[in-house]
Amino acid sequence: MIKNLSVSNFSLQHSLESGQFFRYSLVDGWYYVTVRDMFFRLRQQNNLLEFEGCSELFIKHFLGLDIDYAAMVEFIAKDDCMKQAIVCCQGLRLLNQDPWECLVGFVLSSVSNIKRITANLQSLSTGDELRLGTHVSCMLPRPGSLTASSNARLGFRAKYLSEINELVTESWLRKIGKLPYLSAKEELMTLSGVGEKIADCVLLFGYGFHEAFPVDVWVQRVMQENYCPKLKKPEHIASFGRNYFGTHAGYAQQFLYHWRRSFLSS
DNA sequence: TTCCAGGTCGTTT
DNA sequence: AAACGACATGGA
C-alpha cells in the first residue's frame, strides 16, 4: 500500500544522493532503500512524498524531517558561500542511519568512490532476503556475523572490517550513542581503520551528532577555497568548521560537500 | 601505463 | 607535530 506524506523544506534527491548513504537504488522513478531489516521505496513530487514498505513514524525520522529546518538554515547561513550552497542544495537533509551500517559503509569509503562503496556494501549484504513487490534486497549482517567472501573486492579495507566485526557488539554501539561527542569519537577511533574523518561520518550520519564536521578531500578543498586557505591538515579544518558553524556544523559540512561536488567544477 | 579515488597507519623528520 | 609512503582495486 502506497502512503502519502506532505513535506516542506525537503529534497529526497539531494538527501539520498549527497554521499551520506549508500544503500539505495533508483528504479523507474522510485528510490528503493534498505535499512536494517526494512526494504521500502519512496518518491517525491514537490510537497508530496509517496512511500511504501515502512511506517510514517520511521520514515520521518530516517529522512530527518523531525528537525526545525528553517532554524538550522538561519543558524549556519553566516556568509555568502554558505548561503549559496544552501540555495543550490535546498531541501538537503541529514539522514538518521543505523550506526552499524553507517560504520561499515564509511570504513569502506577510504580512498574509494561512491559507486564502489555501494557495490562493496552490496556484496557484504548476505543476510535475510527482503522483498517489496517483485524487488529483492538483502540485509547487511549485524556485528559478529559479517562475512566477506574473497570476491567482495574490499582491498586493504577487508582486514579492518574483519577486526571491526570481531570487536563490535550491539551494546558497544548503543554505548557510543550515550557518550558526549568527543568521548564517542575517541571510542570509535580505537577501531583500526577508523580515523578522525570516518569517526565523524559515523557520528554525524549514524548517531545524529550534528556538531561533527567530517573533512574529506572535497570539504578540505571547499574550505581552503572559501574559509581557511592557510589550514592544511584535515583535523585543523575540522576543528575550524566545528567552531565556526557550531551545533549545526554537520549540516554545514553536508551542504558544502554536496555543493562543491555537484555544482562546481573540480 | 600512470594516476587518482569521501583515509588510515606506521615510520621518519 | 607535521610530512611521507604503503595499502588493494578499479576506472579514466
Side-chain angles (χ1 to χ4, degrees), chain A residues 14-24 85 89 92-95 97 99 101-124 146 148-168 185-207 209-210 212-242 245 249-266:
Chain A
H14 282 154
S15 302
L16 286 180
E17 298 188 2
S18 56
Q20 53 178 318
F21 183 66
F22 311 107
R23 300 255 289 156
Y24 74 88
C89 308
L92 168 57
R93 299 257 178 173
L94 250 17
L95 268 24
Q97 301 180 42
E101 299 188 343
C102 190
L103 173 62
V104 174
F106 279 96
V107 166
L108 291 172
S109 76
S110 96
V111 204
S112 187
N113 56 75
I114 291 175
K115 185 182 170 191
R116 188 175 176 200
I117 299 165
T118 304
N120 286 162
L121 271 175
Q122 185 88 7
S123 69
L124 286 172
L146 211 54
S149 63
S150 58
N151 62 1
R153 299 292 175 183
L154 307 182
F156 63 85
R157 306 159 197 86
K159 60 181 182 296
Y160 295 145
L161 276 184
S162 155
E163 185 189 315
I164 285 170
N165 180 54
E166 289 292 314
L167 293 176
V168 171
K185 183 166 173 177
E186 203 176 327
E187 190 67 22
L188 277 173
M189 288 175 64
T190 62
L191 297 173
S192 183
V194 180
E196 189 157 336
K197 188 268 176 185
I198 290 176
D200 271 335
C201 284
V202 177
L203 291 171
L204 179 58
F205 305 134
Y207 283 103
F209 284 94
H210 286 192
F213 193 87
V215 176
D216 72 316
V217 290
W218 292 96
V219 174
Q220 172 165 355
R221 214 168 283 168
V222 73
M223 289 299 286
Q224 287 174 338
E225 288 161 353
N226 298 281
Y227 292 93
C228 44
K230 304 215 146 180
L231 298 184
K232 303 300 175 197
K233 300 190 64 175
E235 49 268 44
H236 294 163
I237 298 173
S239 116
F240 174 92
R242 289 197 300 275
F245 293 112
Y251 255 104
Q253 179 274 161
Q254 198 58 20
F255 279 122
L256 289 172
Y257 172 81
H258 190 46
W259 178 60
R260 184 63 181 77
R261 284 197 43 159
S262 304
F263 296 91
L264 273 47
S265 58
S266 55

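Quick note on labels: first sequence line is chain A, next is B, and so on, each numbered from 1. For clarity, every value in this text was computed on a predicted model and none was experimentally measured.
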**Q** Are OP1 or OP2 of C/dA8 and a side-chain N or O of A/R153 less than 4.0 angstrom apart?
**A** no
**Q** In whole Å, I'd like the distance from the CZ atom of A/F106 to the P atom of B/dT8.
**A** 11 Å
**Q** Any N or O donor-acceptor pair under 3.5 Å from the base of B/dG6 to the side chain of A/Q220?
**A** no
**Q** Is it the case that atom NZ in A/K115 sees more than 12 heavy atoms from other parts of the structure closer than 6.0 Å?
**A** no
**Q** Indicate yes or no: does A/E235 engage A/K197 in a salt bridge with an N to O separation below 4.0 Å.
**A** no
**Q** Could you work out the separation of C/dA8 and B/dT11 based on their P atoms and round it to a whole Å?
**A** 15 Å
**Q** Grab the CD-P distance between A/E196 and C/dA2 for me, whole Å please.
**A** 12 Å
**Q** Using the P atom on both, measure C/dA3 against B/dG6 and round to a whole Å.
**A** 23 Å
**Q** Where the side chain of A/R221 is defined as all heavy atoms beyond and including C-beta, which of B/dG6, B/dT8, B/dA5 is the nearest nucleotide?
**A** B/dA5
**Q** Counting the atoms with a prime plus P, OP1 and OP2 as sugar-phosphate, which does A/L108 contact under 4.0 Å by heavy atoms, base, sugar-phosphate, or nothing?
**A** nothing
**Q** Considering just the side-chain nitrogens and oxygens of A/K233, establish if one lies under 4.0 Å of OP1 or OP2 belonging to C/dA3.
**A** no
**Q** Could you tell me whether A/F213 and A/Y251 have their ring centroids closer than 6.0 angstrom?
**A** no
**Q** Side chain of A/H236 only, heavy atoms from C-beta on: which candidate in C/dA2, B/dG7, C/dT9 is closest?
**A** C/dA2
**Q** NA contact type, A/G193, heavy-atom cut-off 4.0 Å: base, sugar-phosphate, or nothing?
**A** sugar-phosphate
**Q** Minimum heavy-atom separation for A/S112 and A/L108, please, with both atom names.
**A** CB-O, 3.5 Å
**Q** In this structure, is the centre-to-centre distance between the rings of A/F245 and A/F255 below 6.0 Å?
**A** no
**Q** Atom CH2 of A/W218 to atom P of B/dG7: distance rounded to whole Å?
**A** 11 Å
**Q** Could you pick out which residue, A/I198 or A/S112, lies toward the 5' side of DNA chain B when each is mapped onto its nearest nucleotide?
**A** A/S112
**Q** Rounded to whole Å, please give me the gap between NZ in A/K159 and P in B/dG7.
**A** 15 Å
**Q** If you only use heavy atoms from C-beta on, which nucleotide in C/dT9, B/dG7, B/dG6 is closest to the side chain of A/F156?
**A** B/dG7
**Q** Output, in order, the C-alpha distance, side-chain angles, deciding distance and verdict of side chain to side chain contact (heavy atoms under 4.5 Å, CB included) for A/L103 and A/V107.
**A** CA-CA 6 Å; A/L103 173 62; A/V107 166; 4.0 Å; yes
**Q** Hey, which of these two, A/V111 or A/K115, hits DNA chain C nearer its 5' end, going by closest nucleotide?
**A** A/V111
**Q** What nucleic acid atoms does A/V217 come within less than 4.0 Å of, heavy atoms only: base, sugar-phosphate, or nothing?
**A** sugar-phosphate
**Q** Which whole-number value in Å describes the distance from A/L161 CG to B/dC9 P?
**A** 13 Å
**Q** Do A/Q20 and A/L92 have side chains that approach each other closer than 4.5 Å (heavy atoms only, starting at C-beta)?
**A** yes
**Q** Using whole Å, what does the distance between atom C1' of nucleotide C/dA1 and atom NZ of A/K232 come to?
**A** 17 Å
**Q** Between atom CD in A/Q253 and atom P in B/dG6, what is the gap in whole Å?
**A** 14 Å
**Q** Kindly indicate whether a cation-pi arrangement holds for A/R260 with A/W218, taking the cut-offs as under 6.0 Å to the six-membered ring centre and within 45° of the axis.
**A** no
**Q** Would you jot down, in residue-number order, the residues of residues 255-266 of chain A having a non-hydrogen atom under 4.0 Å from DNA chain B?
**A** A/Y257
**Q** Counting side-chain heavy atoms from CB outward, which of B/dG6, B/dC9, C/dA8 is closest to A/S192?
**A** B/dC9
**Q** Nearest to the A/Y160 side chain among B/dC9, B/dA5, C/dA2, which nucleotide is it?
**A** B/dC9
**Q** Rounding to a whole Å, what distance do you find between A/N151:CG and C/dT9:C1'?
**A** 14 Å
